[in-house]
*Asks:* 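Sharing a structure here in structure tokens format.
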Amino acid sequence: MVNKYYDLVTSFYEYGWGESFHFANRWKGESLHESIRRYEHFLALQLGLKPGMKVLDVGCGIGGPLREIAKFSLTSVTGLNINEYQISRGKELNLLAGVSGTCDFVKADFMKMPFSDNTFDAVYAIEATCHAPDPVGCYKEIYRVLKPGQCFAVYEWCITDHYDPSNATHKKIKDEIELGNSLPNIRSTQQCIQAVKDAGFEVIWDKDLAEAQYSPVPWYLPLDPTRLSLSSFRLTAVGRAITRTMVKVLEYVGLAPQGSERVSNFLEKAAQGLVEGGKKEIFTPMYFFLVRKPLS
């Protein structure tokens, strides 16, 4: 299901968002793309990446973070991805960025990685392991391929403590996010941190970076149709309307695949759920935790 979803939406993501398919906490004065780069640099700093280290990006998309982190830290980064189209696109972008010598891609399921035990000096995941049907099993695989004493850092999509399962509006928002983003079930922050402990990791620290003190500019702002922005015009209500019309015309004349308009509308609905989840503070795409694999 997840693989087919990314076959459909990858080009839309890259057109509207860029090469890094994730959100970021945002400070006043930052553009969206500046916040995304800083967010990726923060991850590299938390992992203590040093030149020459061998790093794994779990669920790497088309490799935007992979390329940024490799250039920032002078490390070698392997991107793990189950989707063939994203890998082929990522390889093209690696060549254009000049990092194909230090960055590569492996096609595989992160529930069963094709790597030997204790292979990597660091592992990270950005809004990817939320797709895992079993979080403990996923984190155990990461634990297995990580060298003892080294760290794993992750940004997870989670339901917060503000979520009330008996509230019909909350449940509707959660369902929209899950359906529109191909998620089996959004887990709570408590479930995620317990799962990573059950996998054997030691928790160094964790925090929801969507909280206002860490993100004075709301993370969901680029998706909010009520805002106006010249720098992210494609994401505004007017920009989306133009995109919808363009996609409809391109599909009609045969320059876009059949179903493109339907996918565009599908993603619009998903965006609505994300914005409402963010405004009501019942959902976060940036529950961050840094954990370590024990030496023994």
Side-chain angles (χ1 to χ4, degrees), residues 1-7 9-10 13-14 19-22 39-40 43-44 46-47 49 52-73 75-95 97 99-148 150-157 181-184 192 195-196 199-201 285 288-291 293:
M1 179 183 70
V2 174
N3 186 44
K4 187 63 177 176
Y5 171 82
Y6 281 108
D7 275 344
V9 304
T10 293
Y13 276 13
E14 188 177 355
E19 295 177 21
S20 294
F21 300 166
H22 64 79
Y39 195 67
E40 292 165 355
L43 195 70
Q46 289 299 308
L47 285 168
L49 298 187
M53 277 187 166
K54 190 174 181 180
V55 183
L56 177 65
D57 180 333
V58 176
C60 62
I62 60 173
L66 175 157
R67 286 181 287 278
E68 186 65 32
I69 287 173
K71 290 185 287 186
F72 177 74
S73 61
T75 52
S76 298
V77 187
T78 297
L80 186 75
N81 196 328
I82 200 172
N83 185 267
E84 183 63 45
Y85 173 67
Q86 288 195 338
I87 289 175
S88 63
R89 179 62 180 147
K91 287 179 177 178
E92 292 174 2
L93 293 170
N94 277 6
L95 280 171
V99 298
S100 54
T102 56
C103 298
D104 63 350
F105 295 90
V106 172
K107 184 183 178 184
D109 185 347
F110 56 48
M111 299 300 294
K112 191 176 181 181
M113 301 187 201
F115 306 118
S116 302
D117 295 357
N118 310 323
T119 296
F120 295 97
D121 299 302
V123 181
Y124 67 85
I126 304 177
E127 301 181 22
T129 47
C130 52
H131 290 292
D134 171 20
V136 177
C138 175
Y139 294 150
K140 279 185 174 179
E141 267 296 272
I142 292 168
Y143 183 97
R144 181 182 67 79
V145 302
L146 182 63
K147 291 178 181 178
Q150 301 303 309
C151 291
F152 166 51
V154 61
Y155 294 116
E156 280 284 9
W157 280 32
N181 294 278
S182 191
L183 298 173
C192 279
V196 82
F201 284 103
F288 175 84
F289 51 86
L290 178 69
V291 297
K293 179 177 179 177

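From a predicted model like this one, the values you see are computed outputs, not experimental measurements. What's counted below: heavy atoms across the whole structure, side chains too, no hydrogens, waters or symmetry copies.
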*Asks:* I need the Ser76 OG to Leu49 CG distance, nearest 0.5 Å.
*Replies:* 11.0 Å
*Asks:* Check whether any side-chain heavy atom of Ile69 lies under 4.5 Å from a side-chain heavy atom of Asp57, and answer yes or no.
*Replies:* no
*Asks:* For the residue pair Ala132 and Phe110, what are the closest heavy atoms and their distance?
*Replies:* CB-CE1, 3.7 Å
*Asks:* Using side-chain contact (heavy atoms from CB on, under 4.5 Å) as the criterion, list what pairs up with Gln46, not counting sequence neighbours.
*Replies:* Phe42, Trp205, Phe288, Leu290
*Asks:* Are any non-hydrogen side-chain atoms of His22 and Pro285 less than 4.5 angstrom apart?
*Replies:* no
*Asks:* Taking only residues two or more places apart in sequence, or in another chain, which ones meet Glu19 in a salt bridge (charged side-chain N to carboxylate O under 4.0 Å, His left out)?
*Replies:* Arg67
*Asks:* Over all heavy atoms of both residues, which pair between Ile87 and Phe105 is shortest? Give the atoms and the distance, please.
*Replies:* CG2-CB, 3.8 Å
*Asks:* Could you name each residue pair satisfying salt bridge (Lys or Arg N to Asp or Glu O under 4.0 Å) that touches residues 112-123, not counting sequence neighbours?
*Replies:* Asp117-Arg144, Asp121-Lys147
*Asks:* Partners of Thr78 by side-chain contact (heavy atoms from CB on, under 4.5 Å), sequence neighbours excluded?
*Replies:* Leu56, Asp104, Val106, Phe115, Phe120
*Asks:* Just to verify, what does Tyr139 make a side-chain hydrogen bond (donor to acceptor under 3.5 Å, both in side chains) with, not counting sequence neighbours?
*Replies:* Glu156
*Asks:* State the OG-CG distance between Ser100 and Asn94, to the nearest 0.5 angstrom.
*Replies:* 6.5 Å
*Asks:* For Phe201 versus Leu146, what's the shortest heavy-atom pair and its separation?
*Replies:* CE2-CD2, 3.8 Å
*Asks:* Please tell me whether Tyr39 and Tyr155 form a close aromatic pair, meaning their ring centres lie under 6.0 Å apart.
*Replies:* yes
*Asks:* Looking only at heavy atoms, what is the nearest atom pair of Pro65 and Ile126, with distance?
*Replies:* CB-CD1, 3.7 Å
*Asks:* Name all residues meeting the side-chain hydrogen bond (donor to acceptor under 3.5 Å, both in side chains) criterion together with Lys293; count only those two or more places apart in sequence or in a different chain, and write none if there are none.
*Replies:* Asn118
*Asks:* Who are the side-chain contact (heavy atoms from CB on, under 4.5 Å) partners of Ala125, not counting sequence neighbours?
*Replies:* Val58, Thr129, Phe152, Val154
*Asks:* Restricting to side-chain contact (heavy atoms from CB on, under 4.5 Å), what partner residues turn up for Ala70, sequence neighbours left out?
*Replies:* Val77, Cys103
*Asks:* Can you check side chain to side chain contact (heavy atoms under 4.5 Å, CB included) on Lys54 and Thr119, steps first, answer last?
*Replies:* CA-CA 8 Å; Lys54 190 174 181 180; Thr119 296; 3.7 Å; yes
*Asks:* Locate the shortest heavy-atom distance separating Glu127 from Trp157; write the atom from each residue and the value.
*Replies:* OE1-NE1, 2.8 Å
*Asks:* If you round to the nearest 0.5 Å, how far is CG of Leu66 from SG of Cys60?
*Replies:* 6.0 Å
*Asks:* Grab the two heavy atoms, one from Gly137 and one from Met111, that are nearest each other, plus how far apart they are.
*Replies:* C-CE, 3.9 Å
*Asks:* Rounded to the nearest 0.5 Å, what's the gap from CD on Gln86 to CD on Glu84? Could you check?
*Replies:* 11.0 Å
*Asks:* If you measure only the distance, is there a donor-acceptor pair under 3.5 Å linking the side chains of Glu68 and Ser20?
*Replies:* no
*Asks:* Short question: side chain of His131, backbone of Ser182 - any donor-acceptor pair under 3.5 Å?
*Replies:* yes
*Asks:* For Ile62 and Asn81, run side chain to side chain contact (heavy atoms under 4.5 Å, CB included): C-alpha distance rounded to whole Å, both residues' side-chain angles, the deciding distance at 0.1 Å, then the answer.
*Replies:* CA-CA 9 Å; Ile62 60 173; Asn81 196 328; over 6 Å; no
